[in-house]
Visitor: 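Once you've had a glance at the structure underneath, I'll fire off some questions.
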Amino acid sequence: MAADSDPLARWARIRRKGPLRFILLRGVLGWGLVAALVYSLVMWAVAGANLRVLLPLSMVIFPIGGVLWGAAMWWFLERRYQREARPGAAGEEE
């Protein structure tokens with residue numbers, strides 16, 4: 001369980017599975033499809049949008065945004081990992 005509390009160890013496990021898996025799971029499924037469903041339901045409830053039109057459209061557009069979000073997060077997290085995993089990167093000065 002101690003490894004779960006260490007962000008570097010957690011990212012090391014995630015990055016071993018590769019960027020494509022991360023982008024698909026975290027970006028497309030985790031962000032894109034969830035955001036599409038929530039957005040569609042909110043627009044239907046608040047604005048009376050036609051759910052039969054809005055939901056399929058959202059299920060295409062939001063996952064595309066999820067690819068972009070997932071790729072950006074991979075890039076950001078990988079840069080942070082590379083910076084923090086270097087020897088002496090933890091603020092230690094010699």
Visitor: Could you grab the distance from atom CG of L24 to atom NZ of K17, nearest 0.5 Å is fine?
Guide: 14.0 Å
Visitor: Nearest 0.5 Å, what's the CD1-CG distance between I64 and L68?
Guide: 8.5 Å
Visitor: I'd like to check the side chain to side chain contact (heavy atoms under 4.5 Å, CB included) partners of A71; sequence neighbours left out, ordered by chain and number.
Guide: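 Side chain to side chain contact (heavy atoms under 4.5 Å, CB included) check on A71 returns I23.
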Visitor: Any salt bridge (charged side-chain N to carboxylate O under 4.0 Å, His left out) pairs touching residues 57-81, not counting sequence neighbours?
Guide: R15-E78
Visitor: Tell me, please, which residues at least two apart from L29 pass side chain to side chain contact (heavy atoms under 4.5 Å, CB included).
Guide: L25, L33
Visitor: Among residues at least two apart in sequence or on other chains, which ones pass side chain to side chain contact (heavy atoms under 4.5 Å, CB included) with V42?
Guide: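 Only V38, V46 meet the side chain to side chain contact (heavy atoms under 4.5 Å, CB included) criterion with V42.
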Visitor: Can you name the nearest heavy-atom pair linking S58 to Y39, along with the distance?
Guide: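 For S58 versus Y39, the nearest heavy atoms are OG-CD2, 3.7 Å.
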Visitor: Would you say the rings of W11 and F22 are close, in the sense that their centroids are separated by under 6.0 Å?
Guide: yes
Visitor: In this structure, would V60 and F62 fall into the same cluster of hydrophobic residues linked by side-chain contacts under 4.5 Å?
Guide: no
Visitor: Check step by step if side-chain contact (heavy atoms from CB on, under 4.5 Å) holds for L54 and W44.
Guide: CA-CA 8 Å; L54 186 60; W44 170 71; 5.9 Å; no
Visitor: Please enumerate all residues that pass side chain to side chain contact (heavy atoms under 4.5 Å, CB included) together with L37, with sequence neighbours excluded.
Guide: L41, L55, M59
Visitor: Show every side-chain hydrogen bond (donor to acceptor under 3.5 Å, both in side chains) that has at least one partner inside residues 20-29, sequence neighbours left out.
Guide: none
Visitor: Could you tell me the separation between the CG atom of L77 and the CD atom of E84, rounded to the nearest 0.5 Å?
Guide: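 Spacing of CG (L77) from CD (E84) equals 10.0 Å.
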